[in-house]
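Below, each value reflects all heavy atoms present in this structure, side chains not excepted, and no hydrogens, waters or symmetry copies.
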Amino acid sequence: MEKYKERIQKSFNNSSNLYDENSLIQQEVANRLVDRIKYLKFEPLNILDIGSGTGYLAKKLQLCFPKAKFCCLDISENMSIICKSKNKKMHVVCGDAELLPLKKSNFDLIISSFTFHWCKNLEKIFFDIRNLLKKHGVFIFSTVGPDTLMELKGIFKEIDNYQHVNSFIDMHTFGDLLLSLGFSDPVMDVDRITVKYENITELLKSLRNTGSNIVMTDERKFLGREAISKIRNACQKNTENKFFSTTYEIIYSIAWNNVPKDFPKDKKVIQIKKI
């Protein structure tokens, strides 16, 4: 396993017992994702949840599709154990989204929320997902876009030139990738959610308690007292109405597996914004 994945796995393992009480933004996005699924008006019998965490999204979907069989996959063993304890009937797999150990053409619905921004090889993941879907199967996901935590990024820029917050992929890149791999009619949209914290310390605490404080670069900079003091000073300039507000840009996508599986692997990318 690559080093950045080991760090992610360790971080989520360590935060597993605190995750549910601190993952309010993740839960809100999961709720909005479920609302989108309700408009599709279909009854999937086999559902895969990639990056299932402690099982919040899967449990919500179980209420919508009580006859369906669920497979929950997450890189964190501790979160997988918690997920299984909540959902005894679900098949839970501790595994890597980039190495999906599952049977092809097996799922009617594959869903993922707040996961793909932790992955580097999205082309392989989406290719594998398409192979895992049955014909006419649905792929739906949410992830975060470039404006996520932009207020925090701005503060860190005032301190040093190191990357303290991850960079995130634009919505059009996801759309182009889906089209290039043969998914049909991808629908993309974006929400911006503003979350208010009492101060920047509470935001950093929330990121740590959900395992989301990992920077996916080899060059890492740990903050000393001087840097922390600068953060507090910068934070005072960016605080409004005694709260520290930060933005989450949420990307949603729905796509279908309707085309033949022998599509050319070298098919050119079509920009979704031109369609």
Beyond-backbone contact of [X] with [Y], side-chain heavy atoms, under 4.5 angstrom:
X	Y	answer
L133	F183	yes
W256	H136	no
L100	I50	yes
F107	I47	no
I81	S85	no
P44	V138	no
L149	T247	no
N78	Y19	no

How long is the span from the [atom1] atom in [X] to the [atom2] atom in [Y], to the nearest 0.5 Å?
X	Y	atom1	atom2	result
T201	L204	OG1	CG	6.5 Å
D49	D74	CG	CG	8.5 Å
K104	N131	NZ	CG	5.0 Å
D96	L73	CG	CG	8.0 Å
E151	T246	CD	OG1	4.0 Å
S206	L203	OG	CG	6.5 Å

Test side-chain contact (heavy atoms from CB on, under 4.5 Å) applied to [X] - qualifying residues, sequence neighbours left out:
X	value
S212	Q26, W118, L207, T210
K153	V165, F168
K205	E202, R208, N209
N106	K103

Say whether [X] and [Y] are linked into one hydrophobic cluster, either directly or through other cluster members, by side-chain heavy-atom distances under 4.5 angstrom.
X	Y	value
L24	F12	no
I140	V29	yes
I8	L18	no
L99	L132	no
L109	L45	no

May I ask you to decide if the ring planes of F114 and Y248 are parallel, tilted or perpendicular, using 30° and 60° as cut-offs?
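Ring orientation of F114 relative to Y248: tilted.
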
Residues which pass salt bridge (charged side-chain N to carboxylate O under 4.0 Å, His left out) with D147, listed by chain and number, not counting sequence neighbours:
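Checked D147 against salt bridge (charged side-chain N to carboxylate O under 4.0 Å, His left out); matches are R192.
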
What residues form a salt bridge (charged side-chain N to carboxylate O under 4.0 Å, His left out) with E77, not counting sequence neighbours?
none

Could you list all the salt bridge (Lys or Arg N to Asp or Glu O under 4.0 Å) pairs where at least one residue sits in residues 105-116, not counting sequence neighbours?
D108-K134

Do we see a donor-acceptor contact under 3.5 Å between the side chains of S76 and Q9?
no

Compute whether any side-chain donor of one residue and acceptor of the other, for S142 and S113, lie under 3.5 angstrom apart.
yes

Tell me if a side-chain donor or acceptor on [X] pairs with a main-chain N or O of [Y] at a distance below 3.5 Å.
X	Y	result
N166	M216	yes
S16	M79	no
N121	K124	yes
K84	K88	yes

C72: which of C83, C94, S80 passes side chain to side chain contact (heavy atoms under 4.5 Å, CB included)
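By the side chain to side chain contact (heavy atoms under 4.5 Å, CB included) criterion, C72 pairs with just one of C83, C94, S80: C83.
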
Please report the shortest heavy-atom distance between [X] and [Y], naming the atom on each side.
X	Y	answer
S245	K196	OG-CG, 3.3 Å
V93	P101	CG1-CG, 4.3 Å
I200	F244	N-CB, 4.0 Å
L178	P186	CD1-CB, 3.9 Å

Pair I111-L33, side-chain contact (heavy atoms from CB on, under 4.5 Å): steps then yes or no
CA-CA 9 Å; I111 190 166; L33 201 57; 3.8 Å; yes

Show every side chain to side chain donor-acceptor pair (under 3.5 Å) that has at least one partner inside residues 32-46, sequence neighbours left out.
E28-R32, R32-D191, R36-D189

Which pairs of donor and acceptor atoms, one on a side chain in residues 53-71, lie under 3.5 Å apart (sequence neighbours left out)?
| from | atom 1 | to | atom 2 | distance (Å) |
| --- | --- | --- | --- | --- |
| T54 | OG1 | D20 | OD1 | 2.6 |
| Y56 | OH | N31 | OD1 | 2.9 |
| Y56 | OH | N31 | ND2 | 3.3 |

Walk me through whether Q163 and F156 qualify under side-chain contact (heavy atoms from CB on, under 4.5 Å).
CA-CA 8 Å; Q163 184 173 356; F156 279 125; over 6 Å; no

Can E98 and K5 be counted as an ion pair, charged N to O under 4.0 angstrom?
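Yes.
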
Taking only residues two or more places apart in sequence, or in another chain, which ones meet F141 in a ring-ring contact (aromatic ring centres under 6.0 Å, His included)?
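Partners of F141 by the ring-ring contact (aromatic ring centres under 6.0 Å, His included) criterion, ordered by chain and then number, come out as F116, F126, F139, F174.
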
According to ring-ring contact (aromatic ring centres under 6.0 Å, His included), who are the partners of Y252, at least two apart in sequence or on a separate chain?
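For Y252 there are no ring-ring contact (aromatic ring centres under 6.0 Å, His included) partners, ignoring immediate neighbours.
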
S11: partners by side chain to side chain donor-acceptor pair (under 3.5 Å), with sequence neighbours left out:
N213

